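The structure presented is a predicted model; accordingly, all values stated were derived computationally and were not measured. Every chain is numbered from 1 and lettered A, B, ... according to where its sequence line falls, protein lines coming before strand lines.
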There are 2 protein chains.
Amino acid sequence: MTVTLADVAARARVSPATVSRVLNGNYPVATSTRDRVLRAVNDLDYVLNGPASSLAAATSDLVGILVNDIADPFFGIMAGAAQSQIGGPGDGSGRAGGEKLAVVCNTGGSPERELTYLTLLQRQRAAAVVLTGGAVEDPAHQAAMAAKLAKLADAGTTVVFCGRPPLPDSDAVLAALAFDNRGGARALTEHLLELGHRRIGYVAGPLERTTTRHRLEGHREAMRAAGLDGDQDRLTVHGWYDRASGYDATRELLSREGEVTAVVAANDTVALGACAAIRDHGLRIPEDISVAGFDDLPFSVDAVPALTTVRLPLAEAGAQAGRLAMGKEKPPAGGILTIEAELMVRGSTAAPRG
Amino acid sequence: MTVTLADVAARARVSPATVSRVLNGNYPVATSTRDRVLRAVNDLDYVLNGPASSLAAATSDLVGILVNDIADPFFGIMAGAAQSQIGGPGDGSGRAGGEKLAVVCNTGGSPERELTYLTLLQRQRAAAVVLTGGAVEDPAHQAAMAAKLAKLADAGTTVVFCGRPPLPDSDAVLAALAFDNRGGARALTEHLLELGHRRIGYVAGPLERTTTRHRLEGHREAMRAAGLDGDQDRLTVHGWYDRASGYDATRELLSREGEVTAVVAANDTVALGACAAIRDHGLRIPEDISVAGFDDLPFSVDAVPALTTVRLPLAEAGAQAGRLAMGKEKPPAGGILTIEAELMVRGSTAAPRG
DNA sequence: CTGTTAGCGCCTTCAC
DNA sequence: GTGAAGGCGCTAACAG
């Protein structure tokens, strides 16, 4: 039926162990022997049985990359970069060699699915797991995550965070690459303040996520430093990280607050929705109202006017996370690395009227 | 060290076989016994050993979803929808039950990586594989793909295409959901012709992909039907499916052809680049030049002006592919289903000047 | 450098 | 409805 390693061994006139050594390549084998084995592998079109090999070796070549929303380029860019470091270049033949199987798992932002995926990866004895994007701050979930990650680490799975703050009191995580969301948000709001804005609406993400909190905190730090902390809560609307939320929240801001001169959005996608709402309201950007986003996704520069935003080096961070997961790079001191954000000033922000 | 099924059996005072039956749920077990087993599973925090179980059962719970570009929402939307059908709702506890592990693999559009991923999934004895997006038409690659898919199907892996035309002479594929790219493209160009356009530039995708070819063919059919087939080649520029290609190709069209009154792009992302190029050239959309895209990705409605494009039901198709992969739905007659595309007329197209 | 020998942890007949 | 036993295909010590 299906070709096994023993078949290959028989055909190459060597022992199964030798075939295994050739295939795994972590053991010296005479060149002539290896050639014979490889020829047999080709002749029989043999493909290693992953489960069997994982069972025997007590580890698999699976690497999981968890993302909150696979349809969001924010995650796609990070995941793609991570995968490129993990999957290996291949040998151009389509025949799999020693590569890892880098796969991305879409949690949809649900804490339960995040845990489920981790359990599934634990079950597969995954070699590594990369968790991308902000975390949910619910204490129960955090505790469950810490416990689960500890178990994974115990079983030999490397855990890396990418764009996620470190878990307190946990040494299960090899490295945490955290974006400086707070600093980026602060710089962005400072930019608006310098332009002369005083009444700045904020369309935030879901309340319980670290990314949301950090960006909001940065914004408020800047406001407070400028002596503006009176009606912050009234000027903040929470929603999800999508276009519709940006649209709805901005409509609300515009209707109940005629005097907002600028809208800061949780991210670029939300900003796009905000722009649409502002236009539908009959106002111009940036003449009547300034708009700013966050992330600097590829489409942001093509918005009209081009979106002022905060650039996050998503691809670089993803690639580094991939390398860390593969053990190609040693983790930063303390296991934590803060990745700087860069303010990108474009056409969607300007001084307020009058 | 690590908890095994035998440990659970001992604690529940039953045989390993019984524990296995409870866990897999495909066999009658007395309720009281099951409760005892499940309690032991919880007490010991037992997680099934995937490789061992896959080895014994000769099949795994892994389902692979291949995409050409994970940073492109076109694929993200399909993959996310597919995953939602495969991953199962979960039981809300984060504890994995009978769910499949739905994972997405990013080929980056490379035929070699596509084959490599298939081999890797074959190695894992994947339960199913979903291939999304257009295929590369190189004969050698097509043959290799057909052979590989046949082997997968032979080994019991369900193969489903989503947004990809069926493979000729292959019964390895359970179902092929193909978008009507040709019809959509034809409708789009007909729309431009009705508006009065005659000199229409076409920014195509990479030459060897089915999606590119079908969309281009639809465009040319419409042109030909209108008696316009003279300088088609001169008005077509090939590039990749990204913003930069759209920008560069459109610049070229504008520089060498002062008289183009409309630009049709390979997809929405390319169209965005085209818009930028047109603006940078000092021209207005749609007054000076009309622009149209394809796919109707979420951001297209927020472009300024909103993009005329062709809507593809990506989420629905992805979900159906997921259901087919899971055997939740029976395949269409003949294994082939053509999915209609819908013309979305918006502000980026208008009658040419004069 | 290569062959031999034991399992890895689970599923699955087969009996009871 | 439950237990006992064998084997899934491979790797990892050991010998040689």
Report task. Using the closest heavy atom to pick a nucleotide of DNA chain D for each, name whichever of B:A57 or B:R34 lands nearer the 5' end. Result ->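 Here B:R34 is the residue nearer the 5' end.
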Query raised in the report: Mapping B:P28 and B:A56 to their closest nucleotides on DNA chain D, which lands nearer the 5' end?
Result: B:P28
[X] side chain to [Y] backbone, donor-acceptor under 3.5 Å:
X      : Y      : value
B:D7   : B:T4   : yes
B:R323 : B:K328 : no
B:T157 : B:A126 : yes

Do the side-chain N and O atoms of [X] and [Y] include a donor-acceptor pair separated by under 3.5 angstrom?
X      : Y      : result
B:N68  : B:E114 : no
B:Q122 : B:K148 : yes
A:Q320 : A:E329 : yes
A:S15  : A:T18  : yes

**Report entry** Nucleotide interval of DNA chain C bounded by contacts with chain A (heavy-atom cut-off, under 4.0 Å)
**Finding:**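 Boundary nucleotides touching chain A, in 5' to 3' order, are C:dC1 to C:dG9.
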At a cut-off of 3.5 Å, list every protein nitrogen or oxygen paired with a nitrogen or oxygen from nucleotides 3-5 of chain D, distance to 0.1 Å.
| residue | atom | partner | partner atom | Å |
| --- | --- | --- | --- | --- |
| D:dG3 | OP2 | B:S15 | N | 2.9 |
| D:dG3 | OP2 | B:S15 | OG | 3.1 |
| D:dG3 | OP2 | B:T18 | OG1 | 2.7 |
| D:dG3 | N7 | B:R21 | NH2 | 2.7 |
| D:dG3 | O6 | B:R21 | NH1 | 3.4 |
| D:dG3 | O6 | B:R21 | NH2 | 3.3 |

Query raised in the report: To the nearest angstrom, how far is B:D35 atom CG from D:dG1 atom C1'?
Result: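 Spelled out: CG on B:D35 to C1' on D:dG1 is 15 Å.
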**Report entry** Interatomic distance where CZ belongs to B:R123 and C1' belongs to D:dG9 [whole Å]
**Finding:** 14 Å
Requested in this report: Check every strand shown and say whether B:L5 touches a base, only sugar-phosphate, or nothing at a heavy-atom separation below 4.0 Å.
Outcome: sugar-phosphate
**Report entry** Side chain to side chain, B:L66 and B:L121, heavy atoms closer than 4.5 Å
**Finding:**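 Answer yes - side chains close enough.
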